[in-house]
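Some notes on the structure that comes next.
Just so it is clear, the structure is predicted and the values come from calculations on it, not from any experiment. Residue numbers start from 1 in every chain, and the chains themselves are labelled A, B, ... in the order their sequence lines are given, proteins ahead of strands.
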Amino acid sequence: MTPGGTPRRGGVLRRAVRPPVGSTRFWVVQTLAVVIGLIHAAAAGLGPLRPVGLPDSATLVLFLLPVLYAALNFGLAGSIATAAWVTILALPVLVLSDGAGARWVDGAQLAGLDLVSLVVGRSVERERAARQAAEQAGAAHRAAEVRYRALFRGHVAPTLVADADGRVLEANPAAVQLFGHGAVGRQLNDLVPSPARGAPPSLGVLTLHDARGEQRTVRPVEVAVRAPAGGLRLLVFRDVTDEARARGRMAAYAAGVVRAQEEERRAIAAELQDELLQVLVGLARRLQALAAFPGIPPPVVSTLSEAAHLAATIGQGLGATAAGLRPPVLDDLGLEPALRGLVAGAESAAGLAGRLQVIGLEGRLCAAVELTAFRIAQEAIRNVEQHARARQLVVRLACRGDHLHLIIGDDGAGFTLPLSEGAPAGLGLLGMRERAHGLGGSLQVRCRPARGTVVTASLPATPARADCAPVRTAAAAPTVGETDSVGRDGTTVR
Amino acid sequence: MSTPITVLIAEDHTLVREGTRELLDREPDITVVAEAGRGDLAVELAGRHHPDVVLMDMRIPGLNGVDATRAIQAIAPAVRVVIVSAFEDEDYVREALAAGAAGYVLKTAPSRELVEGVRAVAAGAIVLSPQLSRRLAQGQGEPRRATDRLSPRELAVLRRIAQGRANKEVARDLGISLRTVEGHLHNIFEKLRVGSRTEAIVHAVGHGVVSIEPPERP
Ligand SMILES: Nc1ncnc2c1ncn2[C@@H]1O[C@H](COP(=O)(O)OP(=O)(O)O)[C@@H](O)[C@H]1O
Ligand SMILES: [Mg+2]
């Protein structure tokens, strides 16, 4: 092992005074330098080798061997130490040699030798450092790749990598679970049916059946990756199944509450309309009949008439309350007459100039649609009465294709939309929206302060079918009447 | 006294039916000849008794009031049907008149109104509770147009016809000849595109042109 394998620290000097004393080869080199020193001395006539007759400059060149060897093997630390050692070995010859000219030449040679040791040692060290840096970078790169691959493979979000043309190149295990093993090589568009072409893919939510057949709701987010060869498309799927389920549960709960409320209203309205009101009417008629009985004193007659009138008036109030809870005209005659009633009510209650336009509506619609549209209109009109300070109210009902558009507009004060700001809206607006969504429709409130408000609801225009037919008059009447009246009342002929 | 007005009461609520009967029985010129608790039964009885007037509950089991009215008009056109209803919506009134009803009286109206209504329809008039005729008269813009074309004179004639006056009475009232009245009627039929007196009245009432209230008791 070369000592160069460990990173070098410190400056040139510090390293120079720390020769690789632990290496055997270093000491072999130093010994070689001693041998060459002896040869050199001999060549210079200072010892037993004098008769060989070698020129001492030639033997001086031999010193290059250990110096270069140390430089190449140990870098600067080895080369400087060796050069210093060689210099020490050569110095006696230099000092003792005769002739000033030769001494200068030898001195210069020795200096050159030291210089060479420095230069070569340094460049060797540099080259070695560069190679080491390159090796480290490569290792770091490999480590990073391992990490990212682990991340890609271990990531819970299904992820697809595709080329610029949309062909899937790679799928992580989560994606394989979602799309199956055949995903790689297929087109993104086949795997991910884009709901709206051209729309940013992050906007859509997809419902897929994963490889195990379970339904999953995911939200794909596409990341464009710039890569040298044409770019990559990275598609990450956020699993929103739980969110979607929670939202679904909330919607179902809201729909259930609305249904229960409607059912309750219908029951109360029926009770008022079909029982209490009738009793009061019967009472009023009886009292009036009593008043017409011969021989009743006039003050009693007027009291009876008043009582009859009172009973009828209470009955009228009950009828109005029942109609407010659940207008019979909606079930009996449909949306248009019911809306007409609402507009007429707003006209007389709030002094508005109302207008109802109905376009393209033929026949009855599914009871749920009619009820939803009616309730939305009712709430919107109530808002116009309560908040808008408007002079005009326009209600438009347009049936286009399989969509029903309901528009309620006013020319009143308008308001800043609480819904868009996240502030708690009133239950009215929320309820309208919830009802529209409950049918798979949508609701929009457009509003310009001081220019009025327009509420638009779009609902599916499902026509009345057997399973959602409107409830027509007789069905709402109590069933007792059907069985009882024939037998008990039958006919009474005078 | 002339023969009393015969009445059939179609009403499923016993209390209301009995109260109505007691009320009408107090009137010397009115006789209740039959009662029915179901719409289909009312049709059957109307065919059997041919009463002058049927008081028809709007919501009645078996056959609802409007359908029963239509059925009665089919088998006994001379029978005058008055719908008695708790609902004030003008669309019910229109529907009832279109089915051939001669009147629409609110259930909660004062009892006198019901009694006078029976007399008025028996005399040939069309009867609406006052608040309903007011509402119809306010109308809702658009459908009124056909009758906008009537001249004031024609409107005056139509109003009196709707109150059950004979042509001769109308002529005397307005101080014009019987022939002129007939001429006006002809024009009215043309303009409203209807074929009969009753149709013209129903059209006019249904579109809020004329409002009819039970005439004062003579
Ligand atoms: N047509 C409108 N004109 C003016 N302001 C309105 C209108 N509709 C709604 N608003 C405003 O929006 C708010 C929320 O309405 P809503 O959700 O129906 O609750 P509520 O009517 O119970 O206050 C109202 O308080 C009102 O300030
Ligand atoms: Mg509100």
Side-chain angles (χ1 to χ4, degrees), chain A residues 273-275 277-293 305 308-309 312-316 318-320 322-323 327-329 332-334 336-338 340-341 343-344 347 354-356 472-474 476-482 484-486 488-494, chain B residues 6 9 11-27 31-41 44-45 48-49 57-67 84-92 94-95 106-112 114-115 135 138 140-142:
Chain A
Q273 184 76 60
D274 298 328
E275 302 301 330
L277 180 129
Q278 309 295 336
V279 171
L280 285 165
V281 169
L283 179 66
R285 302 255 159 98
R286 281 229 149 123
L287 289 171
Q288 196 62 54
L290 198 58
F293 219 83
S305 286
H309 185 68
T313 309
I314 296 171
Q316 217 161 15
L318 286 184
V329 68
D332 289 349
L333 303 180
E336 181 178 348
R340 195 167 17 250
V343 173
E347 284 187 314
R355 196 146 52 92
L356 174 69
R472 170 89 223 195
T473 316
T479 37
V480 257
E482 296 200 24
D484 265 353
S485 52
V486 186
R488 203 179 57 200
D489 309 314
T491 63
T492 320
V493 188
R494 261 205 219 164
Chain B
T6 52
I9 301 174
E11 166 66 61
D12 62 317
H13 287 89
T14 318
L15 251 145
V16 178
R17 194 174 57 240
E18 283 170 0
T20 308
R21 176 169 202 144
E22 277 179 40
L23 185 75
L24 295 180
D25 276 347
R26 296 272 142 247
E27 303 298 322
T31 305
V32 176
V33 292
E35 292 174 22
R38 292 173 55 94
D40 44 3
L41 188 61
E44 193 192 316
L45 292 178
R48 199 186 306 160
H49 297 286
D57 187 16
M58 181 83 171
R59 273 202 181 177
I60 188 164
L63 200 62
N64 74 60
V66 171
D67 291 341
V84 183
S85 161
F87 310 136
E88 303 183 16
D89 304 78
E90 60 193 85
D91 290 273
Y92 283 114
R94 289 220 176 93
E95 218 201 5
L106 290 179
K107 244 185 180 171
T108 51
S111 304
R112 284 256 63 86
L114 188 70
V115 177
R135 190 170 298 176
Q138 282 166 5
Q140 291 239 333
E142 193 263 318

Worksheet item: What residue in L15(B), L23(B), L114(B) has the most heavy-atom pairs under 4.5 Å with chain A?
Response: L23(B)

Worksheet, complete the sentence: The interface call for A308(A) against chain B, heavy-atom contacts under 4.5 Å, is neither

Fill in: Option in Q288(A), Q316(A), Q278(A) with maximal non-hydrogen atom pairs under 4.5 Å from chain B
Q278(A)

Discussion item. With a 4.5 Å cut-off on side-chain heavy atoms, are D332(A) and E95(B) touching?
Written reply: no

Worksheet item: Tell me, side chain or backbone of Q273(A) under 4.5 Å from chain B's heavy atoms, or both, or neither?
Response: side chain

Discussion item. Pair R112(B), V115(B) - check side-chain contact (heavy atoms from CB on, under 4.5 Å), show working.
Written reply: CA-CA 5 Å; R112(B) 284 256 63 86; V115(B) 177; 3.8 Å; yes

Worksheet item: Heavy-atom distance under 4.5 Å to chain A: side chain of I9(B), backbone, both or neither?
Response: neither

Worksheet item: Which one, P110(B), A109(B), G19(B), G39(B), leads in non-hydrogen pairs under 4.5 Å with chain A?
Response: G19(B)

Worksheet item: So what's closer than 4.5 Å to chain A heavy atoms on E88(B): side chain, backbone, both or neither?
Response: side chain

Item to complete: Answer yes or no: is there an ion pair linking E44(B) with R38(B), defined by an N-O contact shorter than 4.0 Å?
Response: no

Worksheet item: Is it true that E18(B) and R286(A) make a salt bridge, defined as a side-chain N closer than 4.0 Å to a carboxylate O?
Response: yes

Item to complete: Taking the side chain as every heavy atom from C-beta outward, state whether R59(B) and P328(A) have any atom pair closer than 4.5 Å.
Response: yes

Practice prompt. Output, in order, the C-alpha distance, side-chain angles, deciding distance and verdict of side-chain contact (heavy atoms from CB on, under 4.5 Å) for E11(B) and R21(B).
Written response: CA-CA 11 Å; E11(B) 166 66 61; R21(B) 176 169 202 144; over 6 Å; no

